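See structure below.
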Number of protein chains: 2
Amino acid sequence: MSPPPFEYRTVEMTDEEFAEEQAVYGGLTEALRRLNEVSLRTTVDAATIVEATKKVEELTDQLSAEMIPANFGVVVTTSGHVRGYGNAVVGARNPIAPPLTIVQDRVKGGASSEFFLNALYEGPPGKVHGGVLALVLDQIFGEAAAAGGTPGMTGTLTLRYRKPTALGACSAAAWVHSTAGIKTVVKGELRDADGEVTVEAEGLFILPRWAREQLAASGETPPQYE
Amino acid sequence: MSPPPFEYRTVEMTDEEFAEEQAVYGGLTEALRRLNEVSLRTTVDAATIVEATKKVEELTDQLSAEMIPANFGVVVTTSGHVRGYGNAVVGARNPIAPPLTIVQDRVKGGASSEFFLNALYEGPPGKVHGGVLALVLDQIFGEAAAAGGTPGMTGTLTLRYRKPTALGACSAAAWVHSTAGIKTVVKGELRDADGEVTVEAEGLFILPRWAREQLAASGETPPQYE
């Protein structure tokens, strides 16, 4: 993931504590991802659904007994790990994230990912929702900009949909096309399981003033996500 | 929602059966949306999380005892209701959909929605993921094109991010800017809780040849979503 060009919290945490947290809370998230998909596809009878709903509500009561007041944000551990758990595309504790594992290329300035989009990401029948494709590309493009040395937020994003993308295995790649000061132009494409390009995109990423001021005030180089 | 410019299944179902299905299966989906958010924000101890994970896995086993083989698709009932339950933005049985309720204006040719994006839709800390904003706008834009009389699939979509959008209440509106044959240009914008425009967008919607052939072969006007 890209270095966060914005405020983050720091917490005391060893490598071992971080690994356990990933396993335990990440395990719940993985289980919820499967339940989410099955809940859409199930054809069991109404009585079973009503019973399942009660159990889901009980779990919600248990887990909400203690929780952070709102969004997760970005947290950096003292052992140097960055936890962007809430991110809608890559967050390890976000059940709506597919999630994507994105590989950054810091030499050439790019990012890529192979991922699977199941029934939860549907738009037209059997096809990935066009907006979901924009969602994953926006994340990959941001990480490509960061890998190119110029992290930023999306300024503009243009998507050209060449053909529908079938649900299932997909891949995407993005690369820094050009940079000029705080502006980075990223280009990229998304491919379906057959390797055919279904979406082409171009984005302009900018490190906004408030983020530059924040970074300057902190006096430190932002850490890298892991 | 827009009339589906693509294949759909028809099932025997009365108004009463449709209403019960919405209540029962929609109720499970609503409960899962709350559990998903709480699972990200909870700070209960690891033992409680491990126990909750087991219960989620048990529910998954129960619900997967009988299910459709893959994606939900679009189903039209004999009483005239369209069930696009799997849609990633508006699907009544999709736990990852916020979900949006979109109002179409068939007189002026437009669509709008007021919705709430919670911690699950985070990108930068406290802000909505830019790709999530693209996701909701793509859906609203498609419905605006359909309301203008020319349903289609997204051909191109350009997003200009004016400023970060805080998580929470948002609204968006889109309108048909121009039409030419099978092509419709839609423009629109998204606003934060303070009513400030945070994203401006423009999209080109096209009814692709395969969809036109499918519609012509069916010999009927596609039904409207409800």
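Each chain gets a letter, A, B and so on, in the order the sequences are listed, and its residues count up from 1. Source: prediction; values computed, not measured. Atom set for the values below is all heavy atoms of this structure, side chains included, hydrogens, waters and symmetry mates excluded.
A search for salt bridge (charged side-chain N to carboxylate O under 4.0 Å, His left out) contacts involving A:Lys55 returns nothing, not counting sequence neighbours.
For the pair A:Val38 and B:Met67, the minimum side-chain heavy-atom distance is below 4.5 Å. Taking 4.5 Å as the limit, some side-chain heavy atom of B:Tyr25 sits within range of a side-chain heavy atom of A:Ile49. Here the side chains of A:Ile206 and B:Tyr161 are not in contact, with every heavy-atom distance at 4.5 Å or above. With contacts defined as side-chain heavy-atom distances shorter than 4.5 Å, the pair A:Thr158/B:Leu157 does not qualify. In this structure the side chain of B:His129 reaches within 4.5 angstrom of the side chain of A:Val89, judged on heavy atoms. No side-chain heavy atom of A:Val56 sits under 4.5 Å from any side-chain heavy atom of B:Val56.
Of the inter-residue distances, the one linking B:Leu159 atom CG with A:Leu159 atom CG reads 6.5 Å to the nearest 0.5 angstrom. A distance of 9.0 Å separates OG1 in A:Thr29 from CG in B:Asn36, rounded to the nearest 0.5 Å. Here the straight-line distance linking atom CD1 of B:Ile96 with atom CD1 of A:Ile96 works out to 6.0 Å at 0.5 Å rounding. Here the CG-CG distance, from B:Leu35 to A:Leu35, works out to 7.5 Å after rounding to the nearest 0.5 Å. Note: A:Thr156 OG1 to B:Arg162 CZ = 9.5 Å, rounded to the nearest 0.5 Å. Summarising the geometry, atom CG belonging to A:Leu28 is positioned 5.5 Å from atom OG belonging to B:Ser39; distances are rounded to the nearest 0.5 Å.
In terms of modelled atom types and a separation under 3.5 Å, the side chain of B:Thr60 and the main chain of A:Arg34 share no donor-acceptor contact. Between the A:Asn94 side chain and the B:Leu120 main chain, a donor and an acceptor come within less than 3.5 Å of each other. Although no hydrogens or angles enter the test, the distance criterion places a donor-acceptor pair under 3.5 Å between the side chain of A:Arg93 and the main chain of B:Leu40. Under a 3.5 Å cut-off, the side chain of B:Asn71 and the backbone N or O of A:Ala119 do not form any donor-acceptor pair. Under a 3.5 Å cut-off, the side chain of B:Thr43 and the backbone N or O of A:Glu66 do form a donor-acceptor pair. The closest donor-acceptor contact from the side chain of B:Arg41 to the backbone of A:Ile68 lies under 3.5 Å.
Contact of A:Ser64 with chain B is made through backbone and side chain together, with heavy-atom distances under 4.5 Å. With a 4.5 Å cut-off on non-hydrogen atoms, A:Leu59 touches chain B through its backbone and its side chain both. Neither the backbone nor the side chain of A:Asn118 comes within less than 4.5 Å of any heavy atom of chain B. With a 4.5 angstrom heavy-atom cutoff, A:Ala52 touches chain B via backbone and side-chain atoms both.
Of the listed residues B:Gly73, B:Gly126, B:Gly27, B:Gly130, the one with more heavy-atom pairs under 4.5 angstrom with chain A than any other is B:Gly73. With respect to chain A, the highest number of heavy-atom pairs below 4.5 Å among B:Gly203, B:Ala134, B:Ala46 belongs to B:Ala46. The candidate from B:Ala201, B:Ala65, B:Pro69 with the greatest count of non-hydrogen atom pairs under 4.5 Å with chain A is B:Pro69. For the set A:Lys163, A:Glu57, A:Glu122, A:Glu202, the entry with the most heavy-atom pairs within less than 4.5 Å of chain B is A:Glu122.
B:Gly123 approaches A:Asn87 most closely through the heavy-atom pair CA-ND2, 4.2 Å.
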Pair A:Leu135-B:Val132, side-chain contact (heavy atoms from CB on, under 4.5 Å): steps then yes or no: CA-CA 6 Å; A:Leu135 170 60; B:Val132 168; 3.8 Å; yes
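Pairs of residues two or more places apart, or lying in two chains, that qualify as salt bridge (Lys or Arg N to Asp or Glu O under 4.0 Å) and include a residue from residues 8-25 of chain A are A:Glu21-A:Arg83.
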